[in-house]
Amino acid sequence: MRHHTKVAAAVLASALLLGGCAATAPQTPTAASSIAAADATTGTTTSAAPVAADIDWSGLPTTEVSLTDAGLTITEAGTYVLTGTSTGQVTVDSDGDVRLILDGVTIDSTVGAAIQIDSAEFTVLELADGTTNSVSDAATRADEEIDGAVYSADDLAITGSGTLNVTANFADGIVGKDDLWIVSGSIAITGVDDGIRGKDSLTISGGTVTIDVAGDGLKSSNDTDLGKGQLTISGGDITISSGDDAIKAEQKIAITGGVIDITTSVEGIEAPVIVIDDGQISLVASDDGLNASASGLVTSGLSIAINGGGLTIVMGSGDTDAIDSNGDLTITGGTLDITAQSAFDYDGTGTMTGGTITVNGQSVTELSNSMMGGGPGGPGGGGDRRP
């Protein structure tokens, strides 16, 4: 029979420092199996899989913790099964691999982030099957660089089949300062700024994600390191209501699967490079539906490529574009249904070699470049160009 150590959260930190935690193989699925299972469902792989596959959770301690208002500090590698309620914080400062299994917790932090990972080799946040977990952060804090209700300074993957409700009172819902993966689980976020932000990269391969925020919905924000700032969606069921951009990356957005429903946004999907190969996307936007625009790092090679999938765009009135590329626009496949005064606006070359396009109920067989105040051009050019 396998046994887990049970300790109160208030005394866990000192117990860990003394090395007094018993350890046995965890009874819950490993992060590697969770990621592999999600990938099997979506038919894709994520870059988290090779990392998690190297972690032998059975060789690390497993500790059951009942949270108290004193919070919890974790300094040792291993699996931590969390239950109970707290007005404190769960913090991780370790040089090893850490798995946090949320097993029906409520963390309403009054001092900062609810879950704060300052350091770890790799962290897995797993939502236990059949559980509902809720976290919220304080509206103020001493260190304003810690800007998420769930915050990780290192790589973070979220897995499991339970539910996580996040209320962000200071800024963002879930923040990963390195690479962030959403593999599975049901995640609902409300907040005063952004929903989910992976600085170096954000990858969503499964799960159900619902976001209602005042800022951007999904975001990858690295605009200083070439090759980072990338956002990939290969699966999952995503619903976004945002006060700014629904899906934004500083370098590239790639969508290869999933169901995406953007109910409210200013810009629906925005990045210097946007590639849509598959997936079902519906969006409502008040400025641009898809927008390829320069960032602080990427100022050339701007483009939008639509190669497959289904895309429904409904634009607000005024000077708006359904698909706006400050570079090239290429459509080779997919089904597009556009309701807008201006369907296409591109500053480079427009090419359509496939796909089915309907604009305001009318079938379109060639691209027409237009802007508000300018007449439609011919295929591949014409019309007014943005300076």
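Along the sequence shown, residues are numbered consecutively beginning with 1. Computed over heavy atoms, backbone and side chain alike; hydrogens, waters and symmetry mates excluded.
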Interatomic spacing from CG in Asp261 to CD1 in Ile238 - rounded to 0.5 Å = 10.5 Å
Could you tell me if [Y] and [X] have a donor-acceptor pair between their side chains, going purely by distance under 3.5 Å?
| X | Y | value |
| --- | --- | --- |
| Thr312 | Asp337 | no |
| Thr256 | Asp277 | no |
| Asp137 | Ser109 | no |
| Asp56 | Ser58 | yes |
| Ser342 | Asp321 | yes |
| Thr224 | Asn222 | yes |
| Asp108 | Ser136 | yes |

Residue pair Gly289 / Leu283: nearest heavy atoms and the distance that separates them | CA-CD1, 3.6 Å
Qualifying residue for side-chain contact (heavy atoms from CB on, under 4.5 Å) with Asp216, from Ile211, Asp194, Asp172, Asp193 | Asp194
Hey, are the side chains of Val90 and Val135 touching, using non-hydrogen atoms and a 4.5 Å cut-off?
-> no
Salt-bridged, Arg99 to Glu126, with N to O below 4.0 Å?
-> yes
